[in-house]
Trainee: 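Can you read through this structure? Questions will come right after.
Along the sequence shown, residues are numbered consecutively beginning with 1. Since the structure is predicted, the reported quantities are computational estimates derived from the model, not experimental observations.
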Amino acid sequence: QNPKTYAIVKQLLAEGNAAELQKYFGSRMEFGTAGLRAAMGAGISHMNDLTIIQTTQGFCRYLEKNFSDLKKRGIVIGFDARAHLSSGGSSKRFARLAANTFISQGVPVYLFSDIIPTPFVPYTVTHLKLCAGIMVTASHNPKQDNGYKVYWENGAQIISPHDKGIAQAIEENQEPWPQAWDDKLIDSSPLLHDPYAMVNKEYFKDIQKQCFYRNINKETNLKFVHTSVHGVGHKFVQLAFKAFDLSPPFAVPEQKDPDPDFPTVKYPNPEEGKGVLTLSFALAEKDGARIILANDPDADRLAVAEKQESGEWKVFSGNELGALLGWWIFTCWKNNSRDTRAIKDVYMLSSTVSSKILRAIALKEGFHFEETLTGFKWMGNRAKQLMDQGKAVLFAFEEAIGYMCCPAVLDKDGVSAAVITAEMASFLATRNLSLSQQLKAVYDEYGFHITKASYFICHDPKVIQQLFDNLRNFDGKNTYPKSCGRFKVSGIRDLTTGYDSSQPDQKAILPTSKSSQMITFTFANGGVATMRTSGTEPKIKYYSELCAPPGNSDVEQLKKELDELVNALEKHFFQPEKNKLQRKTE
């Protein structure tokens, strides 16, 4: 019943354009643990009014089956600022249609009345003890995309088998229910609640538990620039600074207001490095700011840059900021802990493709470190399990610039991470230290961890399958590579098949998934490299790290060794020319 998508399909029919129609209707979007992520447009392969209604009907039926008190507790729905003129789709419209679906079944819905950062949804699930949460966002994807992200009652993103159960329920509930299209009905429903004001108060109260140096914050001369990259972050980072008694950061004027066209950037992803930060650098130079904080459009990630003595800007990698925040949050816990729990009950987590710097800190300081599979769904769920056992989970991070600094949100949160980074920088400034100098001090104390990650783009699933099949049958059937160029392979873990050469029974400890590709190679020189497919983008990613024990300070030699390892990995394992892979372009 959406006139715009209807017109698109009619036009294609009139033209007899079978190829395009096949693209639109050939296969339904797959609902996975990350929910949905696809371009907005017509047909069952895209995000549109109909596919949102069908998805929500399935999700509603699945929740009814799992929660006898769903009609008492209800769910929360949030949305970002994405919109797509040609198909009439927008995050707000999709959120309202989803709310209408639940309300039509007598389920209370806490629908945010305005755009919010993604972490506000898991926060609200936990805070109001709801059954589930939905966030309509495509995070940092290109502008034509949208997504539908789902949280369970524990406040973490769903993990298997919920994704399969929901996907099955979607298949069984495809015909729109009687009033599915009429979202105006929700406005007069007593089941509709707006949590916006309450969460804006309570969230900022909760993150203040991570504020330890209010007096320093009030006095600091350090200046910050913040960009929300045309997304939702501006207002909330300003409020977070206020909650910590920091002067507000300078906002990049061209990027501070939400704009679904993302006009000043090629990709709205601060992970892509300096290109996204061009306007931030210019504003920082103008206003004399030394530190830039950049959120992605749904404000669940954070990139940080700092002006060096040389006048150059250093953009910290996700692993470097993870090292700094891990050091900072542990130090604050140690110095200010009213927490009577002994250090043996303290935990930090990171994903298996992230730097192992937290492991090195944990070994030396005596707390626990655990690694999980890639993605915050795993860290959020594990953190909740540990917290339910009375443990303190201080921090979790992934190299894709995602940080969980505050136990009130069991997911990555770019708002709390931004203000905690600002407090850390302000504290270090009183010791005449920059973030870069402190990072070096962390590495000096716990051992250098040099990392390098990148990706290749590949739109052909057959080529990707072939590439990984080759690695599993490298020197004949069922044999993995014994070397990569001059680098000898000393261990292999394949989380697609469940093989791990380092375990006595050769079975991997971490959960395995046949639907995604992931192989980790350990090398005799102490290097580790993981190759994996992305769940949300047509990419084959790799992550590599060399760890040195404390005291080995020849950083340049370590970097050179890692560069050579990565070159060998690309040449022998990816074979980009043969497989026609497209390199990441800066």
Side-chain angles (χ1 to χ4, degrees), residues 32 34 37-39 138-142 144-145 265-276 296 301 303 315 317-319 351-355 373-375 398-402 450-474 480-481 483-487 489 492-497 513-523 527-546 559 562-586:
R37 186 87 59 97
S139 190
H140 54 271
N141 271 40
Q144 66 273 15
D145 288 2
V265 291
K266 191 176 172 194
Y267 299 110
N269 182 2
E271 222 188 324
E272 296 284 341
K274 293 191 171 174
V276 181
D296 67 343
R301 295 170 192 237
V315 181
S317 71
N319 285 322
S351 69
T352 182
V353 297
S354 302
S355 169
L373 285 179
T374 315
E398 63 179 2
E399 50 66 50
I401 63 175
I450 313 278
T451 59
K452 197 170 182 182
S454 191
Y455 59 79
F456 289 94
I457 293 169
C458 180
H459 291 281
D460 186 347
K462 285 197 198 73
V463 170
I464 295 175
Q465 186 64 50
Q466 186 63 50
L467 187 149
F468 280 93
D469 284 348
N470 286 346
L471 291 170
R472 294 187 182 103
N473 303 281
F474 204 74
Y480 291 89
S483 64
C484 179
R486 71 174 177 87
F487 299 96
V489 174
I492 282 153
R493 183 187 64 188
D494 187 336
L495 289 179
T496 307
T497 63
S513 166
K514 288 186 175 54
S515 62
S516 58
Q517 302 283 354
M518 181 159 162
I519 305 178
T520 300
F521 300 93
T522 305
F523 294 94
V528 179
T530 295
M531 295 169 60
R532 65 179 277 264
T533 47
S534 163
T536 52
E537 299 163 299
K539 290 176 179 175
I540 315 172
K541 300 181 170 187
Y542 67 78
Y543 312 81
S544 62
E545 178 166 44
L546 260 183
K559 281 184 179 161
L562 186 64
D563 284 345
E564 287 177 17
L565 176 60
V566 164
N567 290 341
L569 191 76
E570 290 191 352
K571 182 180 168 187
H572 299 287
F573 289 1
F574 278 95
Q575 300 179 307
E577 284 74 27
K578 180 187 149 195
N579 291 313
K580 298 188 174 59
L581 305 177
Q582 189 186 330
R583 283 177 185 278
K584 171 186 174 177
T585 49
E586 278 309 328

Trainee: Can you check whether Phe574 reaches Tyr455 side chain to side chain, under 4.5 Å on heavy atoms?
Mentor: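 They are not in contact (no side-chain heavy atoms under 4.5 Å apart), so the answer is no.
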
Trainee: Minimum heavy-atom separation for Thr496 to Ser516, with atom names?
Mentor: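 Closest approach of Thr496 to Ser516: OG1-O, 2.8 Å.
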
Trainee: I want to check something: taking the side chain as every heavy atom from C-beta on, are Thr352 and Tyr543 in contact at a cut-off of under 4.5 Å?
Mentor: no

Trainee: Which heavy atom of Pro538 sits nearest to which heavy atom of His459, and what is that distance?
Mentor: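 The answer is CG-CE1, 3.5 Å.
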
Trainee: Looking at every non-hydrogen atom in both residues, tell me the closest pair between Arg301 and Ala400 and how far apart they are.
Mentor: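 In this case the closest contact between Arg301 and Ala400 is NH1-O, 2.8 Å.
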
Trainee: From Ile464 CD1 over to Asp469 CG, what is the distance, rounded to the nearest 0.5 angstrom?
Mentor: 12.0 Å

Trainee: CG of Asp563 to NZ of Lys559: how many Å apart, nearest 0.5 Å?
Mentor: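 The NZ atom of Lys559 is 9.0 Å from CG of Asp563, to the nearest 0.5 Å.
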
Trainee: Determine the minimum heavy-atom distance between Pro268 and Pro142, stating which atoms define it.
Mentor: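 Where Pro268 meets Pro142 most closely, the heavy atoms are CD-CA, 4.4 Å.
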
Trainee: Salt bridge between Glu272 and Lys266, side-chain N to carboxylate O under 4.0 Å?
Mentor: no

Trainee: With rounding to the nearest 0.5 angstrom, report the CG to OG distance, Asp145 to Ser139.
Mentor: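 OG of Ser139 is found 11.0 Å from CG of Asp145.
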
Trainee: Would you say the side chain of Glu399 lies within less than 4.5 Å of the side chain of Thr451, judging by non-hydrogen atoms?
Mentor: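 They are not in contact (no side-chain heavy atoms under 4.5 Å apart), so the answer is no.
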
Trainee: Is any side-chain heavy atom of Met531 less than 4.5 Å from a side-chain heavy atom of Leu471?
Mentor: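 Contact flag for Met531/Leu471 side chains = yes.
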
Trainee: Is the distance from the ring center of Phe487 to that of Phe521 below 6.0 Å?
Mentor: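 Aromatic pair excluded; centres sit 6.0 Å or further apart.
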
Trainee: Go through the structure and list residues passing salt bridge (charged side-chain N to carboxylate O under 4.0 Å, His left out) with Asp494, not counting sequence neighbours.
Mentor: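 Testing Asp494 for salt bridge (charged side-chain N to carboxylate O under 4.0 Å, His left out), a comparison that skips the adjacent residues, returns Arg472.
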
Trainee: Tell me whether Tyr267 at atom OH has more than 12 heavy atoms from other residues, nucleotides or ligands lying less than 6.0 Å away.
Mentor: no

Trainee: Could you give me the CA-CA distance, side-chain angles and deciding distance for Asn319 and Ser354, then say whether side chain to side chain contact (heavy atoms under 4.5 Å, CB included) is met?
Mentor: CA-CA 6 Å; Asn319 285 322; Ser354 302; 3.9 Å; yes

Trainee: Mind listing the closest non-hydrogen atom pair of Gly318 and Ile401 along with its distance?
Mentor: CA-CG2, 3.8 Å

Trainee: What residues form a side chain to side chain donor-acceptor pair (under 3.5 Å) with Glu545, not counting sequence neighbours?
Mentor: Ser355

Trainee: For the atom pair CG (Asn470) and CD (Gln465), what is the distance rounded to the nearest 0.5 Å?
Mentor: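 Output value for this atom pair is 10.5 Å.
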
Trainee: Rounded at 0.5 Å granularity, tell me how far CG in Leu467 sits from NZ in Lys462.
Mentor: 15.5 Å

Trainee: Please name the pair of heavy atoms, one in Tyr542 and one in Glu570, separated by the smallest distance, quoted to 0.1 Å.
Mentor: OH-OE2, 2.6 Å

Trainee: Taking side chain as C-beta onward, heavy atoms only, is Cys458 less than 4.5 Å from Asn579?
Mentor: no

Trainee: Does any part of the side chain of Phe523, heavy atoms only, come nearer than 4.5 Å to the side chain of Leu546, both counted from C-beta?
Mentor: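 Of all side-chain heavy-atom pairs linking Phe523 with Leu546, none is under 4.5 Å.
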
Trainee: About how many Å separate CD of Gln517 and OG1 of Thr533, when rounded to the nearest 0.5 Å?
Mentor: 5.5 Å

Trainee: Taking the side chain as everything from C-beta on, heavy atoms only, tell me whether Ser483 gets closer than 4.5 Å to His572.
Mentor: no

Trainee: Report yes if the side chains of Lys539 and Phe456 come closer than 4.5 Å at any heavy-atom pair, otherwise no.
Mentor: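 No, every pair of side-chain atoms sits at 4.5 Å or beyond.
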
